[in-house]
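In what follows, every chain begins at residue 1, and chains take the letters A, B, ... in the order their sequences are listed.
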Amino acid sequence: MFRLSHGPIDAGACRARLNDPRAGGCVVFEGVVRDENEGRAVLRLEYEGYESVAVKEGEAVLREALEKFLVMRAECVHRVGTLEIGDMAVWVGVSAAHRGAAFDACRYIIDAIKHRLPIWKKEHYAEGDSGWVNCQTPASTGARKHSGEKR
Amino acid sequence: MFRLSHGPIDAGACRARLNDPRAGGCVVFEGVVRDENEGRAVLRLEYEGYESVAVKEGEAVLREALEKFLVMRAECVHRVGTLEIGDMAVWVGVSAAHRGAAFDACRYIIDAIKHRLPIWKKEHYAEGDSGWVNCQTPASTGARKHSGEKR
Amino acid sequence: MSAGRRVRVQYFAVLREEAGRSEEALSTSANTMGELYEELRGRYGFGLTRERLKVVVNEEFDEWSRPVREGDTIVFIPPVAGG
Amino acid sequence: MSAGRRVRVQYFAVLREEAGRSEEALSTSANTMGELYEELRGRYGFGLTRERLKVVVNEEFDEWSRPVREGDTIVFIPPVAGG
């Protein structure tokens, strides 16, 4: 199941949804807010989502993972709103009989979540300015260059 | 840090040791006891370790991961003793600035842990017999064939 | 020329800030989603060119060539950055 | 022939069960680790052949050709199955 969360993500509750007596392994990815991006010191982030479509697309990603890989359960929660350094922005978990499929499915999900869901991230920098990640234009950037995300 | 645990693994405490303000992602693998292996119903497992050498080799694996991949922290706890279905046998966690390295390092560690550490697993089957995984011989197996591990 | 079609447009992230609103109802003579974006870009001065966006119509990703129809709910999707 | 060398051998998992003990001190005339394993295999009827084992001497993985030395602590490592 895919969910958007307006408050802190409860990783323990997420993890419990992966339990299955046939499962031999779980792989979990947690994305957390870093204190820098592209060399600039970051104070906090705002995530904004087009929620109805983000949920629909997130559910589609999880369904695809369950079809492509030999896994039992797949769960994802993405947070929206204002986040501080160290806060968890996204939690992805997969359980499977064997670990290879769990690793592959977890990575498939987080890659797709990052590239396909209508969710945006505004970084607030230590120098006082802010910017929407991946959305810089010549006009918005001015002299300083900090566009593009390498993740 | 690598540890052997004679009691239940505290996943929350393990996870807390991965925190780092520069970390953008954590990947965690949890191995849990399944209710079957090689088509045979399993009731419980016993893990036995040659503890001093298992710890030394586990530490070496974590050091290798920190050298090979761009990751910040790597932790592993392996349980020994009697485990029931659903119990966690091993916990591996890695934090990194970027997720690709975290996935790669986590997988490297669990693969190496499984193949290199002097830890053995005895399966107790629903049919009443038991066997050391990967250690079957023509004499020990008799008519029934259940050797080899495919994980 | 036919009368304008009435549609609802929602704005997110950088487009929301540039438009100064989260959504609006408007009447347009644009024939396609592509034409509608150019119309709104002219009005609000959006920095992002169309090649960097996607378009969602009635909660489904769609083509820039899709005709604008009465009652459509339209969202232009800036480059995403989830996770 | 020289007097036997005194060593300590620890047994784990299937070898522990087959030997009926976790460790023992013994005196051996075996020259190498390989010879020592064959001697003990003869004594306890270990099912595993040497090709499927590794050997640890004084807490370090070592070669089958390593000479047996007075005071060594030796562990024969059956196929592992951690994780």
Side-chain angles (χ1 to χ4, degrees), chain A residues 10-12 14-16 18-39 41-43 45 70 72-73 83-111 113-114 121 149-151, chain B residues 10-12 14-16 18-39 41-43 45 70 72-73 83-111 113-114 121 149-151:
Chain A
D10 180 346
C14 293
R15 170 65 186 78
L18 298 180
N19 287 339
D20 187 308
R22 300 163 301 157
C26 298
V27 174
V28 168
F29 173 79
E30 295 180 4
V32 293
V33 178
R34 291 194 297 147
D35 62 1
E36 71 95 30
N37 190 26
E38 300 284 317
V42 172
L43 296 180
L45 295 184
L70 268 173
M72 280 156 188
R73 299 181 187 218
L83 279 75
E84 310 290 332
I85 307 304
D87 283 350
M88 197 188 306
V90 61
W91 187 98
V92 179
V94 174
S95 58
H98 301 293
R99 69 186 184 283
F103 274 102
D104 292 342
C106 188
R107 190 150 185 183
Y108 175 85
I109 292 166
I110 185 60
D111 287 351
I113 294 292
K114 285 186 177 246
K121 177 161 64 178
E149 197 199 25
K150 278 198 206 126
R151 281 201 200 171
Chain B
D10 181 346
C14 293
R15 170 64 185 82
L18 298 180
N19 287 339
D20 188 308
R22 301 163 301 156
C26 298
V27 173
V28 169
F29 173 80
E30 295 179 5
V32 293
V33 179
R34 293 194 297 146
D35 62 2
E36 71 95 31
N37 190 26
E38 301 283 316
V42 172
L43 296 181
L45 294 183
L70 268 174
M72 279 154 188
R73 299 180 189 218
L83 278 76
E84 310 290 333
I85 307 304
D87 283 350
M88 196 186 305
V90 60
W91 187 98
V92 179
V94 175
S95 59
H98 300 294
R99 70 186 183 283
F103 274 102
D104 292 343
C106 188
R107 193 153 185 178
Y108 175 84
I109 293 166
I110 185 61
D111 288 350
I113 294 292
K114 284 185 178 248
K121 177 161 65 178
E149 197 200 26
K150 281 201 203 116
R151 284 206 194 163

Original post:
Relative to chain B, which segment of A/Asp35 carries a heavy atom at a distance below 4.5 Å: side chain, backbone, both, or neither?
Top reply: both
Subject >> Option in B/Gly86, B/Ala11, B/Gly100 with maximal non-hydrogen atom pairs under 4.5 Å from chain A >> reply: B/Gly100
Original post:
Contact part of A/Asp20 toward chain B, heavy-atom cut-off under 4.5 Å: side chain, backbone, both or neither?
Top reply: neither
**OP:** Measure the CG-NE2 distance between B/Asp104 and B/His98 for me, rounded to the nearest 0.5 Å.
**Re:** 13.5 Å
Original post:
Using 30° and 60° as the class limits, which term best fits the ring planes of A/Phe103 and B/Phe103: parallel, tilted or perpendicular?
Top reply: perpendicular
Please tabulate, one pair per line, all N/O donor-acceptor pairs under 3.5 Å involving side-chain atoms of residues 87-97 of chain B, not counting sequence neighbours.
unit_1	atom_1	unit_2	atom_2	d
B/Asp87	OD2	B/Glu84	N	2.8
B/Ser95	OG	B/Leu18	O	2.9

**OP:** Select, from B/Val28, B/Ile110, B/Asp111, the one with the greatest count of heavy-atom pairs under 4.5 Å involving chain A.
**Re:** B/Val28
Subject >> A/Glu30 side, atom CD; A/Arg15 side, atom CZ - distance, nearest 0.5 Å >> reply: 11.5 Å
